[in-house]
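Along the sequence shown, residues are numbered consecutively beginning with 1.
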Amino acid sequence: MSDRETQPVERQLPTDEARDLLALVRDIAQREIAPKAAEEEDAGRFPREVFTLLSEAGLLGLPYDPEYGGGEQPYEVYLQVLEELAAARLTVGLGVSVHTLASYALATHGTKQQQVEHLPAMLGGGLLGAYCLSEPSSGSDAASLRTRAVRDGDDWVLSGTKAWITHGGIADFYTVMARTGADGPRGITAFLVPGDAEGLSAAPPEKKMGLKGSPTAQVHLDGVRVPDERRIGEEGQGFGIALSALDSGRLGIAACAIGVAQAALDQAVTYATERRQFGHPIADFQGLRFLLADMATQIEAGRALYLAAARLKDAGRPFAKQAAMAKLHCTDTAMRVTVDAVQVLGGYGYTADFPAERYMREAKVLQIVEGTNQIQRMVIARHLAGPESR
């Protein structure tokens, strides 16, 4: 058997602080997350204590203002943190990405008073967030959402159902997009809704093929009353806030996808160097060597793509097209690489004794969440050729 150890990813990081941060994240991932991942995913258990630990370590608000408990890290660093967490367990990496997405509206469009009042607890106080845009009848066509918010004095009353909500039923706060005006994107407004608000409830979690430890559920708002102080941005500005958040969130999904793909490659390489057939490690056979080489090349290309998009964002330059490209390429790469990892392991890859089959099941959803890859192609094409003529 081989004594080869999986080597950590060689990363180009901008500061010594970032290098120390990644070392901390890798240590937490190896000690607290990876050892329990298979068992807890199989049991469908959400690791809330891990998110408490990450909050205490300052890892739930990395890209945000330190005045409110954030880490003021550039996106190129934050995304590599996500990659490390997702490689250990996608439920955790994706959960941090969704929490960051849920915090985005208030962190970027909230008033000073709102940020002082709410952000410290959201970013470093142990709270967990959820992002509520999709509905049962409006997924890719998010501008057609039907959840409505009606003004009643100094309050808003929210009614409707949100669907496919990560952390639905367990979140401490929900960033909710609701219709306050006419049909279409200009009639939508963003609200910060407490998780314990009267009239808010969640359906039983969806039964999924993967990510079983991460609850995904419909969230029902039955006359939920929130004060106007919890409206984020101006009336009618919510859809623009939602799309801006998704540009950043898609980079988070891209990084998570590369984390899953890297974990699958590491598993495949370890197995191939240990498994012997015909008197040799199967890694000696050229067909398999070429497969591993292709997997590694696709991963490196995906990592470079999401980091290039992140650096544009960090520089304050437009990055929406590159975010869509990164989400598209990285999640397609995760699907290809995890399928190939199962093939490398042969029959063992199809069993739950090895994590390859779990990686493959988890990779599939990344091609769907935060805009399907068909939507990403539409976004990219619009940047290249302009809007569709209809």
Side-chain angles (χ1 to χ4, degrees), residues 6-34 50-89 92-101 103-104 106-108 115 119-120 122-125 244-245 247-263 266 296 299-320 322-323 325-327 330:
T6 301
Q7 299 299 311
V9 174
E10 185 175 344
R11 302 190 181 279
Q12 296 182 3
L13 295 164
T15 63
D16 288 339
E17 180 187 11
R19 282 184 280 275
D20 291 342
L21 175 63
L22 265 292
L24 170 66
V25 171
R26 195 173 292 122
D27 180 63
I28 291 174
Q30 291 175 350
R31 287 189 299 104
E32 304 293 340
I33 302 174
V50 168
F51 286 86
T52 300
L53 173 62
L54 295 178
S55 180
E56 292 171 350
L59 299 178
L60 291 190
L62 285 176
Y64 295 128
D65 194 329
E67 180 180 354
Y68 307 112
E72 202 177 27
Q73 288 296 318
Y75 244 68
E76 71 165 303
V77 173
Y78 158 68
L79 293 178
Q80 293 184 80
V81 168
L82 284 187
E83 185 190 327
E84 290 283 348
L85 293 173
R89 185 178 178 186
V92 176
L94 183 71
V96 173
S97 181
V98 167
H99 175 82
T100 303
L101 178 69
S103 302
Y104 177 91
L106 192 70
T108 59
Q115 292 171 345
L119 271 183
M122 292 164 63
L123 301 183
S244 178
D247 285 338
S248 299
R250 285 165 181 164
L251 291 180
I253 299 300
C256 286
I258 293 302
V260 173
Q262 184 68 56
D266 291 344
I299 291 169
E300 287 292 346
R303 184 176 291 122
L305 187 57
Y306 87 61
L307 286 174
R311 289 170 185 138
L312 286 176
K313 174 177 169 57
D314 289 334
R317 296 172 58 187
F319 68 99
Q322 289 80 5
M325 289 177 168
K327 198 274 183 183
C330 292

Nearest atoms (heavy-atom pairs only) where [X] meets [Y]:
X	Y	value
Ala263	Ala87	CB-O, 3.5 Å
Ala323	Asp247	CB-O, 3.4 Å
Phe319	Leu312	CB-CB, 4.0 Å
Leu13	Arg19	O-NH1, 3.1 Å
Gly93	Leu82	O-CD2, 3.5 Å
Ala245	Leu101	O-CD1, 3.3 Å

Does [X] reach the side chain of [Y], with side-chain heavy atoms less than 4.5 Å apart?
X	Y	answer
Tyr104	Ser244	yes
Tyr64	Leu119	no
Phe51	Val96	yes

Rounded distance [0.5 Å steps], [atom1] in [X] versus [atom2] in [Y]:
X	Y	atom1	atom2	result
Gln115	Tyr68	CD	OH	4.5 Å
Glu300	Gln262	CD	CD	7.0 Å
Ile258	Leu79	CD1	CG	11.5 Å
Glu32	Gln30	CD	CD	11.5 Å
Glu84	Leu59	CD	CG	12.0 Å
Leu106	Leu123	CG	CG	8.5 Å

Point to revise | Pairwise salt bridge (charged side-chain N to carboxylate O under 4.0 Å, His left out) hits with a residue in residues 54-74, at least two apart | key: Glu67-Lys112
Practice item. For Leu94 and Leu85, run side chain to side chain contact (heavy atoms under 4.5 Å, CB included): C-alpha distance rounded to whole Å, both residues' side-chain angles, the deciding distance at 0.1 Å, then the answer. Key: CA-CA 8 Å; Leu94 183 71; Leu85 293 173; over 6 Å; no
Review point. Can you tell me if CZ on Arg317 sees more than 12 non-hydrogen neighbours from other groups inside 6.0 Å?
Key: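 Open: at most 12 neighbouring heavy atoms sit under 6.0 Å from CZ of Arg317.
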Exercise for review: Using the side chain to side chain contact (heavy atoms under 4.5 Å, CB included) rule, take Arg11 and Arg303 through it: C-alpha gap first, then chi angles, then the decisive distance, then the call.
Suggested key: CA-CA 10 Å; Arg11 302 190 181 279; Arg303 184 176 291 122; 3.9 Å; yes
Review point. Can you list the steps and then say if Glu83 with Val9 is a side chain to side chain contact (heavy atoms under 4.5 Å, CB included)?
Key: CA-CA 10 Å; Glu83 185 190 327; Val9 174; 4.2 Å; yes
Practice item. With side chain to side chain contact (heavy atoms under 4.5 Å, CB included) as the test, would you mind laying out the steps for Leu22 and Val77 before giving the verdict? Key: CA-CA 8 Å; Leu22 265 292; Val77 173; 4.2 Å; yes
**Study point:** Carboxylate-amine/guanidinium proximity below 4.0 Å for Asp314 and Arg311
**Key:**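 Result for this pair is no, no salt bridge flagged.
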